Structures are given as C-alpha cells and as structure tokens.
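So the structure is just underneath, and the comments pick up after that.
Everything numeric here is computed off the predicted structure, so don't read it as measured data. Residue indices begin at 1 and follow the sequence shown.
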Amino acid sequence: MMKTLSKLLSLLMITGLFFVSCSDDDDTPGNGGGGSDATILNGLINANLTLDANLEYRITGPVTVASGVTLTIPAGTVIVSDPGTENYLAVLKGADIDIQGTAGSPVIMRSNGQAGAWGGLLICGDAFTTEGTDAIAEVGGLVYGGTNDTDSSGNIDYLIIQDSGAQITTDAQFNGLTLYAVGSGTTIDHVAIINGEDDGIEFFGGTVSVSNLYLENNQDDNIDWTQGWNGTISTVYVSNTLDQFSTIIESDLENRNPTINNLTAISSSGGTAIQAKNSSGMTINGLTLTGFELSFDLRDATPASNLQIDGADADLADDAVFQSSPTNASLFAWVTNALENSETELAANITSDLTLNASVEYTISGPVLVSNGATLTIPAGTKIVSESGTANYLAVLKGADIVIEGTIDNPVIMESNDGQAWGGLLICGDATTTEGVDAIAEVGGLIYGGTTNDDNSGTINYLVLRNTGAQINADSQFNGLTLYAVGSGTTITNVAVIEGSDDGVEFFGGTVSVTNFYAENLEDDAVDWTEGWNGTLTNAFVNITINNFSTAIEADGVNNNPTLNNFTAVSTMGGTGIQLKVNSGATINGLTLTGFDNQFDFVDNGAVSNVQADGANANEATVYSSSTTEASSFVWATGLQ
C-alpha cells in the first residue's frame, strides 16, 4: 500500500531514527519469504516514537514501549499483527501511549480476521493491585502495580481492536485491552473490541476509568476484573451473536465496588449476563439486559447485596427485567462506519488454520504464505483484492492446504486493485517433478516436489482469478494458477482465469487434474506445463480476442503424456493453437481449434506422434471440432464482468 515516494521517505525516517523499534524481515531462501511493504514493529521502543498514519504497521513479535518513552499513534493509523500469541503491543510501567483516533478516523489494531489471532494491547501502570508492588503479569513477564493511584499511562481516543484475546493456558490469557494496575490519570474514551477469543477488556487492579465502550462477539467475558479494580465504566454496549461465550461481566476477588453507568447488553444466543466470584461486587446505574437465560450468577457465596443495580440489591428472580439503560448502538456508529467497508489485509504468514469471512473484502499487500500444516478456507462469495506487482501473491506452501468453497452463484474472486497484473495463486505440493525433491521455484523461493503422487493440497471449486500473470523476467513469471508438483489428491474444479499478463494455469510437474477450466485473453499461454506433469484437464474453453498472445497450449520438457478431455480454443486474432517444445506431448480426446493461423507448432523437431488428437497423430490439415465444451458453461465466471 505504500508505493509513493513520500511514504517511502517516511518509512526511511522512522526506521533510521528508531532502528531498535522497527526491523526489516530477513528473507530466508526457500521459505517463500519476501515481506510486505508494511513498516515492521518488533522489540523494544526505547525512544519517543510517533507513527505515520500514511503507513501501515505490522507487528511480528512482542512490541514493548519502555519506561519513560511515549508511543504516539495518530488518527487513522492501522496496525496489523501477524498471528500468534507472541505478537502483542505492551506499554510498560512508566511508559505512555497516546492514541489520537477520531470518530471519522479511528486507530485500528487487528490481525487476520480470526478470533484469538494475536495478543492485543496491554498497559502496565503503577496504581494499586492486590498483588502488590511490581507484580508479575500472567503473560509476557510484564511488571505492574504500585502505590500511585493517580498514575497516568497516557491517553486512548477512538480505538478499534479486533481478532485478539488469545488463550495460552487456563490461567494465562491475552485479551483485547488488558489493563494492569493502570491509574486514574490515564484517559480511555471510545474503544471498540470485536471478535476476540478471550476477554474484551480486563482490569487487573488499578483505578482507571473507561468511557464509551463497545464490545462485540468476544468469546469469553466482555468485561472482566480482578485484583481490586476500582474505577468507572460509562456508556457500554455489548452485542453477542455467537454461541458459548462466557459472560458480559465477570468480576473476581476483593470488592472495591467499581461503578458501571449505562450498560446495555444484548444476546441472541442466551447465556449468562453477569457473574460475580469470591465476594466481588459492583454498582450499576442504568442496566438493560436482553436475550439472556440468566441475568446473574453469584459464585462462592457472593451476596446479592454486593451487586447494587439501579439502587437496589441484584434481583435474582428468573423473570426479573432490566431495561433502564439509555445506551443505544447508534452511539457507536463510528465503529460500524469504520468497519462497514473495511478491507482486511491477509497476514504475511498464515501459520494456523484460518477461515475467511465472506462478508469481508480481504487485501493482499506482499507475499501471503500459508505455512506447512495450516489450512486456509475461503468460503463462497469471498473477494480478495491484491495490490498489483510481482511482490504480491498468495502461496500455499508444501504441506499446507487451501479450501476454496465457491459456488456457481457465489464464486470466490481474486483480483488486483487497479486492473494491473499481480502474482495470483500458487500451490506447492509433494508430488514428483523432473526437478527432484525440494526443488526451488522460479519465483518466491518456494519449495516444492517430492515422491507422494497422491499428495493433497486441498480443494478448489468456483474460483475466478483476474489480472494475474506478472512477469519478472524472461525466465521467471507468475501465472493465474501456478501448480508446483501438486498431487492427485488435490481437487480443482471450475476455475476461470481472465485478462492475465502471463499464463492462465501452469503445471510444474505433479499429477493433479483440473476439471472445468476457462481462460480469456491471457497475454501468454492459456495452459502451460513442464517438468513432467501427468494429470488430466477436462472441459476447458480458451477465448482469445487480443493481439500478441502466445498460445492456447504450451508444453515443454519430459513427455509424461497428460490427458486433455474436451478442449476448445477460439481465437479471433489468428496465432498458434498448440505449441510443443523439446519432446513434450499429450493425448487430447475431443479437440476444437477455431480461428488460429497454425494449429500446431512442434518446436525442437518433436514428433507429431507425441500429440494424439482424437485418436490420431496431430495433423495441421485436420479440422478439429470434436470438443463438447462451450463458452456457455462458464457464464458463472464471465457473467461477473
């Protein structure tokens, strides 16, 4: 996203002045590394640092703001964390954070759209906690707590935290916003915490107050406190639409009677609203609870009198009604406005199973790698938009899986943001290739190839790839769909590659088969294979209406005699239909070639018998019109344009 000179200069200034805070990724040969254009945040920030809202920042490990240092984050800044519990932003005791978001341009901290993907924001203060002075936090070894109840750790205005709340053990969890003994001198106003795997906000002691808090679909407690927190939360709206969340509020241990003013909580899946443990308590002025099976759960002999609700002891009756809060979701329109059309950038490294959300438009900025052992699932209707250029692609590494669940009515779409070429989708398998085991791809340093011809890299169904096929040099190109030694256990059906700058689909060895393939106006070859591919391509239609394309089919290298069933190619611009290099070949059952100047081109004096077309040697004089594949079969793809 940062392509302009001004952004580059800003990046150089930041990394030059704060090299301890920001580090560049090292590309590791063979792992597909490449890094994105995001500015890296990792390690200790030991001098005052102001981020640049024009840049996008990426957290790649623990980020800590040292004592005596202020981290300033201006309105509109986006910080994206790599997935993993080791990735978080922590403000150490004695440090400050100044988040300067506005209603129109909030600060956003997120990861890859998966709940629990990262550790969120943690702030350590010097106020009271029942754990005493210099307590050690349950995560990260952070130190917090003291005797200064008016301590200030800075300011937060208009902040959205997503995808956080990772659980490490039953006794150690990250939350969205974790406040360790934070003092009342800290101001926190307008915060939204969404899609967390653990708590939304948790107070470990302290005296800090929070105003205008929005919480949505956090899987554990939305608000949690322990260790004697004594502050105020004013104007809260909580929405839960998922099953098996814990509570809206959980309180534990010493009761220092914090106050909550105007709390509205709505559940569409039942559950418990407020749980108090170990004689903890609170005062709530203005409470609305809707859709909960149980309003209060008092544990460990906690008396109802510890919960003062609208001036009285908590009413534990099953039919008690609480409808006194004036808090309305419309007060948090700044959140929905910011996220309504949000584009969620896919993380550079997807290291655990991830299912995308079809209602979100995802972006690619730099290489996106699905790591060995991880599965990326892309549901029907999902759209992924990439920056253009050879640095931007989606690669499924050897040992990883991709599951594309498009349908005829809602295919998955991958395209560039400006109509210019990007790197497309690459899959690396463990099947055989003439390049041997653990070959290195011509792009990205990707590793592929092995001895497992029935290797499974996942399933693809109803996928449209547009604007792909970026060329690096004469010997290295990206395609629409690039299949590196992909095995026959992989299922690929209903794929369309449209308006690409290089090949549509290219097979580098492997045994995978593809059914129902459509290629339109690709500037190089529609179908290409090399390195001894031996699979089947069934029902393909190639439509060419542009000048200077290469061929409908190009084959090269060792002839393992792949099979093509029902292959139709139509050109309105002449050109060559099928080109065979070295000694390559194929068996084609059902072939239609229309409008080409030359139907076959045997480069390197390959034998015409290498191509068996409709039961006979390839023959330039033969009219080939036996394929049953028609363009109308691919309206699901072409009708989207």
- Counting only N and O atoms by type, is there a donor-acceptor contact under 3.5 Å from the side chain of S269 to the main-chain atoms of L242? yes
- Message: Once salt bridge (Lys or Arg N to Asp or Glu O under 4.0 Å) is applied, do any residues pair with D525, and if so which ones, sequence neighbours excluded?
- Response: none
- Any chance you could lay out the ring-ring contact (aromatic ring centres under 6.0 Å, His included) test for Y462 and W636, step after step, and finish with the verdict? CA-CA 8 Å; Y462 287 104; W636 61 269; 4.8 Å; yes
- Task: State, to 0.1 Å, how close N617 and S609 come at their nearest heavy-atom pair, and which atoms those are.
- Result: OD1-CA, 3.4 Å
- Of all pairs that satisfy salt bridge (charged side-chain N to carboxylate O under 4.0 Å, His left out), the ones with a partner from residues 529-545, not counting sequence neighbours: none
- Considering only heavy atoms from C-beta outward, does the side chain of N610 approach that of V608 to under 4.5 Å? no
- Query: So, for N222 and L215, which heavy atoms are closest and what is the spacing to 0.1 Å?
  - Reply: OD1-CB, 3.4 Å
- Message: Strictly by salt bridge (charged side-chain N to carboxylate O under 4.0 Å, His left out), give each pair with a member in residues 438-451 just once, sequence neighbours left out.
- Response: K398-D438
- Message: Within this structure, what is the OG1-CG distance for the pair T468 and D502, rounded to the nearest 0.5 Å?
- Response: 8.5 Å
- Item | Exercise: identify the closest heavy-atom pair between T629 and T568 | O-OG1, 2.9 Å
- Task: Report the residues that fulfil ring pair (Phe, Tyr, Trp, His ring centres under 6.0 Å) with Y484, sequence neighbours left out, ordered by chain and then residue number.
- Result: Y448, F508
- What's the shortest heavy-atom distance between T511 and N453, and which atoms? OG1-O, 2.5 Å
- Query: What residues, two or more places apart in sequence or in another chain, satisfy salt bridge (Lys or Arg N to Asp or Glu O under 4.0 Å) together with D454?
  - Reply: none
- Query: Quick one: side-chain contact (heavy atoms from CB on, under 4.5 Å) partners of T451, sequence neighbours excluded?
  - Reply: V437
- Message: Suppose we call two aromatic rings close when their centres sit under 6.0 Å apart. Are Y624 and F600 close by that rule?
- Response: yes
- Can you measure from CG (L426) to CZ (F478) and round to the nearest 0.5 angstrom? 6.0 Å
- Note on the structure: Of all heavy-atom pairs linking T433 and G449, the shortest is CG2-CA, 3.9 Å
- Can you check whether G606's main-chain N or O pairs, donor with acceptor, with D604's side chain at less than 3.5 Å? no
- Query: Mind checking what makes salt bridge (Lys or Arg N to Asp or Glu O under 4.0 Å) contact with E554, not counting sequence neighbours?
  - Reply: K581
Donor-acceptor contacts under 3.5 Å from residues 587-595 side chains, at least two apart:
from, atom 1, to, atom 2, distance (Å)
T587, OG1, N561, OD1, 3.0
T587, OG1, N561, ND2, 3.4
N589, ND2, N565, OD1, 3.1
T592, OG1, S626, N, 3.3
T592, OG1, S627, N, 3.0

- Query: Side chains of I492 and T459: does their closest heavy-atom pair fall under 4.5 Å?
  - Reply: no
- Message: How long is the straight-line distance from OG of S164 back to CD of E197, given to the nearest 0.5 Å?
- Response: 10.0 Å
- Write out all pairs satisfying ring pair (Phe, Tyr, Trp, His ring centres under 6.0 Å) with one or both partners inside residues 526-566, taking only residues at least two apart or from two chains. F507-W533, W529-W533
- Message: Once rounded to the nearest 0.5 Å, what's the spacing between atom CD1 of I460 and atom OG1 of T493?
- Response: 8.5 Å
- Task: Please check if the side chain of E506 supplies one atom and the backbone of D528 the other of a donor-acceptor pair under 3.5 Å.
- Result: no
- Residue pair N494 / N461, side-chain donor-acceptor N/O under 3.5 Å: yes
- Query: Is the side chain of E620 donor-acceptor paired with the backbone N or O of Q599 at a distance under 3.5 Å, no angle test?
  - Reply: yes
- Task: Not counting sequence neighbours, which residues clear side-chain contact (heavy atoms from CB on, under 4.5 Å) with S268? List them please.
- Result: T241
- Rounded to the nearest 0.5 Å, what separation is found between the CG atom of N417 and the OG atom of S388? 5.5 Å
- Contact list for residues 535-550, test salt bridge (charged side-chain N to carboxylate O under 4.0 Å, His left out), sequence neighbours left out: none
Show every donor-acceptor pair shorter than 3.5 Å between a side-chain atom in residues 366-386 and any protein atom, with sequence neighbours excluded, or say none if there are none.
from, atom 1, to, atom 2, distance (Å)
T382, OG1, P379, O, 2.7
K383, NZ, E415, OE2, 3.0

- How far apart are the closest heavy atoms of A115 and G196, and which atoms are they? CB-C, 4.0 Å
